[in-house]
Novice: 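Here it is: the structure, laid out below.
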Amino acid sequence: MAMQLNSAQPARTDAGSKVAPPGVRVEHLTLRYGENTIFDNLNLRTSGGRLTALLGVSGVGKTSLLKIIAGLIEPTAGCVIGTDGRPVADRIAYMGQQDLLLPWLSVFKNVTLGARLRRETVDRVRAERLLEQVGLAAHHKTLPAALSGGMRQRAAIARTLYERRPIVLMDEPFCALDAITRANIHELAAEMLGGRTVLLITHDPLEAARLGHHLLVLQGCPATAGSPIAVAGEPPRSPDDPNLQKSQGQLLRLLMESQ
Amino acid sequence: MAMQLNSAQPARTDAGSKVAPPGVRVEHLTLRYGENTIFDNLNLRTSGGRLTALLGVSGVGKTSLLKIIAGLIEPTAGCVIGTDGRPVADRIAYMGQQDLLLPWLSVFKNVTLGARLRRETVDRVRAERLLEQVGLAAHHKTLPAALSGGMRQRAAIARTLYERRPIVLMDEPFCALDAITRANIHELAAEMLGGRTVLLITHDPLEAARLGHHLLVLQGCPATAGSPIAVAGEPPRSPDDPNLQKSQGQLLRLLMESQ
Amino acid sequence: APAHAAEKITLILDWFLNPNHAPLIVAQQIGAFEQEGIEVELVEPADPGTPPRLVAAKKADLAISYQPQLYMYADQGLPLVRIATLVDSPLNCLLCLKTSGIASITDLKDRKIGYSLSGTQEATLGTMLATGGLALDDIDMINVNFQLDSALLTGRVDCVIDAQRTFEAIELREHGVEPVIMNVEDYGIPAYDELIILANKDNAADPKYKKFLAALKKGTHYLLAHPSETWQAFAKAHPDLDNALNKTAWKQTLALFAKDPARLDAARYRAYGAFLAEHNLISRQLPVGDYAIELD
Amino acid sequence: MIATAHTRFAKAGRGLAIFSGLIAIWWVVALGLRLPVYMLPTPPVVAEALWAGRDFLWGHALITAWEILLGLGLGLLLGVLLAVSMAFSRTLERWLMPVLVISQSIPIFALAPLLVLWLGFGISSKVAAAALVIFFPVAASFYDGLRRTEPGWLELARTMGASRLAQLRHVRLAAALPAFGSGLRVGAAIAPIGAVIGEWVGSSGGLGYVMLNANARMQTPVCFAALFILSLMAVGLWHVVNLVLKYLLYWAPDSA
Amino acid sequence: MIATAHTRFAKAGRGLAIFSGLIAIWWVVALGLRLPVYMLPTPPVVAEALWAGRDFLWGHALITAWEILLGLGLGLLLGVLLAVSMAFSRTLERWLMPVLVISQSIPIFALAPLLVLWLGFGISSKVAAAALVIFFPVAASFYDGLRRTEPGWLELARTMGASRLAQLRHVRLAAALPAFGSGLRVGAAIAPIGAVIGEWVGSSGGLGYVMLNANARMQTPVCFAALFILSLMAVGLWHVVNLVLKYLLYWAPDSA
Ligand SMILES: Nc1ncnc2c1ncn2[C@@H]1O[C@H](COP(=O)(O)OP(=O)(O)OP(=O)(O)O)[C@@H](O)[C@H]1O
Ligand SMILES: Nc1ncnc2c1ncn2[C@@H]1O[C@H](COP(=O)(O)OP(=O)(O)OP(=O)(O)O)[C@@H](O)[C@H]1O
Ligand SMILES: [Mg+2]
Ligand SMILES: [Mg+2]
């Protein structure tokens, strides 16, 4: 299942990103589950059109943060707003930690679900190219139950990339992929997402350093955001890029401290 | 959520591993889904009491192989047998690619599910120590729905380690864990699983090289197993162990070729 | 027959079509209704409670009902009047198994007596028992609802009240069981008309009913004159009803049909009304004219 | 092709085996318990009645079959509409549910006059009565299914900018299909008795009519002949519904 | 503490609002359609009948309540046992299902003589008749739930060396609980009519008896008074069942 990247058109020609996409501002955010406080007056800001990699120890609150931004969790207090002052919830594409494929829909129909939900006409060409790019061209009509874990995740990625949204939120989108497939998907994602505001949760410092303009670490309980690390150079950075090595090391140190 | 490893007793005192555990022999294995052939007369063999890391591109058939060994999929042809000549299906502990936590049971009850299913008395001490070791001591009574992705996975790990079985099959058991937590869990797993026959699917070459005695790569379609790489030194290997670096590179090269 | 502009009359039967309706059936057979220039549709209900309501609500023209019920309807303010009588004597009887050794009322003491919910069961049974110096609490009353015969046959009860002397009696004999029959009117119950035809007060005077009565009378007389021929015709028209039971019932009921359906015996109606009032089944006694009229 | 043909034969054979097996059991019960004919007639007696009254039974069977289909259709429609609208609005559910529950506790004879008053003696009153019995299990089960939709799917749909209607149409309906299936199965199973109850409202046709009638006349064999036909209809309908559901639920796990 | 008290008050208030709302609707219908008292009596008329016959209605209500509870209990037991055993053996299911489906198409009057023959005119025949109506939705829904258990959970249990019984006990039963809930809800909703149908077999007490009797005497207000009490029981039972299920299904997603 080799990946044809040549056919991927650069994202800036995408409808969704004609206007420079806004960043995301999280203000005075507080989230409590019972007496368990996840965030207490958290403030952070991601810059528009950039990919911010979000890291942090398991259970610190990454997914919760993403869901709040997506408008899926009502925070106890505080608000989320675009740097352009408009709400963001209706401008995002969201890829959750589970693939959430609908078991009764074929891979193709799952990928184009958004269009049908919004009563838009399905862009078959785009969808099929995406499936090809994630290496599922042959599994077009397959039901999710007949896919392997990684294939399911790739279908979910295709579904997310199919959405032309200025802001993209991804929760550990590549964790079920083997090193090689992952590397290819990285490049695909970098291309397709270039120019959009992306918030990407990952546990792989290398991945973060390869794809991120900024690296952000959530730490502590209640969680606070450390100062973002800016990575030099344009993603996707090649594995032997010195910046990569540098910021990865930096990141690991940060994570160590965050314990 | 710091990990107390000190309290982890070495596995060789475990009931399950008093007798030297057998290896697993897969013979003339064929698996077809419709006209899609996953394995065609596959033969492989893992040595007893050792941890074999199983790698391979997404969709090659790793999970299928594990499920066949676990007796969860009826292969089209061929058989799986212990190196001691006895069937293995009833001697394994299995951790699937999904956590499969039962939503109506607390974390503790999920971890001790096996005991209740076999009408054994629940070993509370062992279960609680495990929960402590995977950093869920505080989430004892929590329902899975209230856990983060990584916490769910750690609960599943605890559930698997709770089982005293000579053969352990794990399908990407650490993929949802952040680097630090993962490193700690690695050490825990290495200790608890020491002396047992382990087949561990992973996508992280570093992980494979840290934990594995042998590294095995599935490749091609139908899938064939490359010759296993033996890694020098005892796992868990420290990140700066030269063997680690070496075999990791070797592995990456193999994976590249396998495309 | 003047088929043109025949006036329609919907008549809801009290229960499924059976030999009790012979006069109507025969009137149909011999085209008596057509001759009168009316067209009668017979509708079968499954639940006897429905027909009077529908006539009261003008959803149907006529309904077959029972005189005892008529008082309750009137008492409840249903705008209904009796305009004709089909069977002018009670069919109701107390039916016992000979094998149970019951020969007279006095033998009923501590026996199980089944009844179906006619509404008058306590009054009737109580009065009958009184003639033997017994009261309701001397016996064991069991509601067997519609399964009068099977309850008797299986010995679940010793007797049943509200049985029809023309039906259940014959049925029991068919199953080789000899019944003891005690007719209610022989045990202190005022005689009454078992089957009557009700119309709505507001249009009881409608001339089409006169025509109906005339036709009904013709039917009755023809029936009495040609019992077996009319039975043949009936059996032919309703193969599912062509059986020994109905055949016997057809013959046995002949004697019970009112020769002059329209005729009203006001005194009898008053007497039965008094009987019900005295058993508190109706709150007050209305003048007969309020619920029963005779269309001359 | 041949394989499927084979399995089809096998299926038919099994069906036949079960059928004759049940008849045999019935026979044994009737004889073994020495039940008189007016209690439980033996198969041959009923068969005789069936044959003797074949034409007239057939006519009535058609009427009932028609009532069953219409009743089931109306009941389904009603049930689905109610379930969906309740899934849409919690408040509506609060107001509607008690009514629906109450509607199930009304005996037909209390309702019959009203039904006839409004719908006359024609088939419509019977269909209405049947639908009244059938709609509830469908509505209840389907509503249950709709409200238990995997939240993650709904969240995903929301992030994709789906209107509540779109969420319902593309996610919740499909997700609740297994639950709807359970409801439909129950509905189909009680559809025949529903039709019979409908005929209780007053009719001059249909198997219910035949049974009541025969029952009133102690023609027990006829009654059971009609009942036999009704049972065949019931099992047939059940079978069809199962096939339809198997087709619709191709994606749902099924250990059976 | 106070909060819950508040919500409890709110709930009670809402219940009252709904109750009076429905009464109002009933009133409007009765008056608006100019329905005579012998078709649909107005609330005050029924209230009067209720008050006048309170003692006697109360006595009969108790009988019916008792029948409902016993019928529901027996029906549940039967339904669960059948569902579980069918979930255990596909062959058993093949043989049993047709019987169950047929059992649902047998009208009570055809069965009554047998029930009385075997169980007499006491309460047992009524309970049996009620259970016969109630068990089916429970069995069907629960069985459906059992067979749709997430396969992954069963696989896990198998690898843990669980016997089929253990799998059933620890995994499938709990997993099928929502489906069982749907079945139980339907069963509870039809339990009252089940009891009434039971009394149809022939009884000397109970609300069904009262209704039949009042119906024969054209005492429509009394009939509806009894019906009113029956409805209250139905709604009450429904409410209780819902609370129980809410408690049992603490873990199941619920959008409502
Ligand atoms: N139930 C099924 N029906 C049909 N095909 C299936 C089924 N399950 C798996 N497959 C196919 O078998 C192949 C191997 O699946 P498997 O889950 O073993 O892959 P894998 O190596 O585990 O991949 P991953 O690393 O993504 O989990 C895939 O191509 C998949 O499409
Ligand atoms: N529905 C819930 N109810 C109660 N607590 C919850 C709920 N969901 C999450 N939590 C708690 O919130 C905390 C953060 O969860 P979250 O999923 O955001 O973590 P995370 O950073 O995504 O972790 P991971 O990397 O493992 O996915 C966890 O401690 C979890 O226990
Ligand atoms: Mg997370
Ligand atoms: Mg896999």
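Chain identifiers are assigned alphabetically (A, B, ...) following the order of the sequence lines, protein sequences preceding nucleic acid strands; residue numbering begins at 1 within each chain.
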Novice: Are the side chains of D:Gln219 and C:Asn243 in touch, meaning some heavy atoms are under 4.5 Å apart?
Specialist: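 A side-chain contact under 4.5 Å exists here.
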Novice: If you count every heavy atom of other residues, nucleotides or ligands that lies below 6.0 Å from D:Trp95 atom CH2, does the total exceed 12?
Specialist: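 Above 12, so yes.
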Novice: Pick one of side chain, backbone, both or neither for C:Asn246, based on which atoms fall under 4.5 Å of a heavy atom in chain D.
Specialist: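 For C:Asn246, side-chain heavy atoms alone lie under 4.5 Å from chain D.
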Novice: Should we count NZ of C:Lys236 as having more than 12 external heavy atoms under 6.0 Å?
Specialist: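 Atom NZ in C:Lys236 is not packed in, count stays at 12 or less.
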Novice: Give me the one residue out of C:Lys59, C:Arg53, C:Lys58 that meets side chain to side chain contact (heavy atoms under 4.5 Å, CB included) with D:Leu117.
Specialist: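 Only one of C:Lys59, C:Arg53, C:Lys58 forms a side chain to side chain contact (heavy atoms under 4.5 Å, CB included) with D:Leu117, namely C:Lys59.
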Novice: Tell me whether D:Glu48 at atom CD has more than 12 heavy atoms from other residues, nucleotides or ligands lying less than 6.0 Å away.
Specialist: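 Open.
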Novice: Among C:Glu171, C:Glu174, C:Glu168, single out the residue with the greatest number of heavy-atom pairs under 4.5 Å to chain D.
Specialist: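 Top option by heavy-atom pairs under 4.5 Å: C:Glu171.
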Novice: What I want to check is whether the side chains of C:Glu44 and D:Tyr209 have a donor and an acceptor closer together than 3.5 Å.
Specialist: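 Yes.
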Novice: Check this for me: C:Lys247, atom NZ, are more than 12 non-hydrogen atoms of other residues, nucleotides or ligands nearer than 6.0 Å?
Specialist: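 Atom NZ in C:Lys247 is not packed in, count stays at 12 or less.
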Novice: Most heavy-atom pairs under 4.5 angstrom with chain D, which of C:Thr50, C:Leu54, C:Leu153, C:Asn18?
Specialist: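 When all of C:Thr50, C:Leu54, C:Leu153, C:Asn18 are compared, C:Leu153 has the most.
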Novice: To the nearest 0.5 Å, what is the distance between OG1 on C:Thr154 and OH on D:Tyr38?
Specialist: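 Rounded to the nearest 0.5 Å, the OG1-OH separation comes to 6.0 Å.
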Novice: Determine the option with the most heavy-atom pairs under 4.5 angstrom with chain D, choosing from C:Leu241, C:Leu148, C:Leu42, C:Thr10.
Specialist: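 Option with the greatest count: C:Leu241.
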